[in-house]
2 protein chains.
Amino acid sequence: MTAILKGMRVIEGSAFVAVPLAGMTLAQMGAEVIRFDRLEGGLDASRWPVAPTGRSHFWAGLNKGKKSVAIDMRTPEGRELITRLITAPGEDAGLFITNLAVKGWLDHETLSRARPDLVSVTLTGDRHGRPQVDYTVNPAIGIPDMTGPEGLSAPVSHALPAWDIAAGGHVVQALLAAERHRLRTGEGQGATLSLKDIAAATIGHLGMIGEAATQGPRAKCGNALYGAYGQDFRCADGRRVMVIGLTERQWKGLVRVTGTEAQMERLAARAGKPLSDEGVRFALRQQITAILSPWFSARSSDAVARELDAAGVTWGPFRNIAEALRDDPDLGPDNPVFSMLDQPGLGRYPVPGHVTTYTGFAREEPVIAPELGAHTEGVLAEVGGLDDTEIQQLFDRGIVGDSTRQARATAA
Amino acid sequence: MTAILKGMRVIEGSAFVAVPLAGMTLAQMGAEVIRFDRLEGGLDASRWPVAPTGRSHFWAGLNKGKKSVAIDMRTPEGRELITRLITAPGEDAGLFITNLAVKGWLDHETLSRARPDLVSVTLTGDRHGRPQVDYTVNPAIGIPDMTGPEGLSAPVSHALPAWDIAAGGHVVQALLAAERHRLRTGEGQGATLSLKDIAAATIGHLGMIGEAATQGPRAKCGNALYGAYGQDFRCADGRRVMVIGLTERQWKGLVRVTGTEAQMERLAARAGKPLSDEGVRFALRQQITAILSPWFSARSSDAVARELDAAGVTWGPFRNIAEALRDDPDLGPDNPVFSMLDQPGLGRYPVPGHVTTYTGFAREEPVIAPELGAHTEGVLAEVGGLDDTEIQQLFDRGIVGDSTRQARATAA
């Protein structure tokens, strides 16, 4: 029993969400992932959310299970060290993921001179190499315009960095696909992609571009499910639930459990259109919601939950994230994906491991994020092939660092 | 020059976003992807957005470049045929992705009896196998609670099926990782994951669970960037832009181009906290926005764009999706990711190919989605190994179908 990517070694030069998430995912799949940072830490070292200690929950979450090396990249020696780590020998090494977009010493062309079979994946903001973030990409392609209450003219940006999350997945995919090709042919590969392209392509895949090109922009529809039936309801105790009638089976179950068959038949007759058509359900959603609402407003959210579950309806409660953490066993150690872990300066809370379970491998507990530079010495020795004297000199000259070194010296 | 996964064959039994997106991604990377559906089409055959013809932009987008076979899964013969396709021989075959979650004939245990080295990836709604969708998962974990205008108490669901998109990526990753392991060991693998777990784990990776566990739920912050500075502004012509001051470099660039250095210094002095601290920028965002607003309201959006670009500020315009399609070259054939394609019953519009470019491969144009069952005959012959008589009998008995067969017969 061992993790599915055991033996693979990946070097990561990154900041923020996408590439750190990709590296963390690979680490949780069993790869040895070595993230290098500046001596003072990366641009994301203090990214919110942060604890009162100043430690970043964000950094801790996105760098779990990695090794950390701290190197001064402004010095030629530092750059040479990083090049050496990225291009170190090994059949399952020579793999590099980055969003640093450094032209010259850190680009694929230059690095692959030192190791021609290098596989690198470089994520940029847009296809021209300019920085972009979810907060700018989303407005540019029209997602905030179609989010929010019906009739509102202002754009509403959402809280989830969805394109960064998608981009992290694409970086892993590109790395695995290129490494698969290398395994068969020996050929290296430089893969490039951008956050903006991922967003633009994905809304195309979802049919949104076709819709906009032929029918104009999609209007906001509040919390409704687009194109079929799905709506939020307020229960007697003021709590809200989201109820889905996307497939015919879900729709029939919803009508049955609420006992609204006769009213729905009358609505369909008045409209002259069958509610078995998902588009008709969307067009008539306000009338449908008016029919269903009394059932919800007459019951507590607990009663609603019991009856919907018993009827096999697809639904979910609305909660804030603290309530979710308190009430939803999927967000805690009852779920094999999560483990309760103590994290220095952050506290003890449920920490997620890899989401996929494989029949041939036991699940492994997540490993917390490293202290900055905690693996500098070990990695320089084992991967870089440097001897003790060379490593000591690099520390003495301030070209490499290890935030735990002082602490260790004191303890010793 | 050939696509990076050329030679790989994947069978897909799916509906809706995640698994179809995974299969489509693999197809755009060069794999032969065969999607099977019921004779009347899958649950997602008419998923919105749809064209006035009734054709689905959604289906066309998520099934590009696949082969389509239509098989009656209620019949034992139909089930046997699907089993035969999934477990057909071939070093680069025996790969199956699904969200149908059918226990018995279509589960990993049963299928791998026919091909012990089968790699399958099964996505469910939640870890208990129940259906869930983005519209229910998001409310349950608290994303709508933290989305929307500051001070609003109602939850705001966003328009993007972000977890489905993330899940599609995880399905591809699991398939490639398991196939890599099979290549080295010959061992098959059944991988399972759920949409809800992906959402729960990802908000953990982003630090949101740690934040909620130790500091309570995150408040809505409108269109502001969380934890640093980023805000939307209205320009003189009424158009909006999103401006980012996440890194120190971005922040300094923004202050410089707006000529607000002195005002920012006074703000920092009054607050007794440095604006070089990203958390201070977030805490003082309303005061910062008040200082910056006059610069934007005094300029047209075109002038703002020119000045921000010249200063290298990270920003983006707010648009609706039709404006994006008209004005943004990243969403059209100027971008190598897109090609203008004619699609039967849908129209001609920019269609995205794969987002990643590899140094060793030329980009390939996207291929449109198949008609339902258009490849039934060919796949049964080439993959299933059936002869003409057997295939004809299956068509005659209505066990398999091809929506183009009548059209072809008429044309012949």
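Note that the structure is predicted; figures quoted are calculated from it, not measured. Every chain is numbered from 1 and lettered A, B, ... according to where its sequence line falls, protein lines coming before strand lines.
Proximity to chain A is absent for every atom of P20(B), based on heavy atoms less than 4.5 angstrom apart. Using a 4.5 Å cut-off between heavy atoms, V156(B) touches chain A through backbone and side chain atoms alike. At a 4.5 Å heavy-atom cutoff, A60(B) makes no contact with chain A through either its backbone or its side chain. Neither the backbone nor the side chain of V171(B) comes within less than 4.5 Å of any heavy atom in chain A. For I244(B), the part lying near chain A is the side chain, with the backbone staying farther off; criterion is any non-hydrogen pair under 4.5 Å. Contact annotation for R240(B): only side-chain heavy atoms (C-beta onward) come within less than 4.5 Å of a heavy atom of chain A.
By the ring-ring contact (aromatic ring centres under 6.0 Å, His included) test, H158(A) pairs with H158(B), sequence neighbours left out. For Y349(B), the ring-ring contact (aromatic ring centres under 6.0 Å, His included) partners are H57(B), not counting sequence neighbours.
Remark: aromatic rings of W48(A) and F58(A) are distant, center separation not under 6.0 Å.
When the candidates A228(B), C221(B), P139(B), S120(B) are compared by the number of heavy-atom contacts under 4.5 Å with chain A, P139(B) comes out ahead. Counting heavy-atom pairs closer than 4.5 Å to chain B, the top-ranked of the candidates G316(A), S56(A), A322(A), A51(A) is A322(A). Ranking P149(B), G169(B), P217(B), A324(B) against chain A, the residue ahead of the rest is P217(B), based on heavy-atom pairs under 4.5 Å. Between chain B and the options A174(A), G347(A), A213(A), G222(A), heavy-atom pairs under 4.5 Å are most frequent for A174(A).
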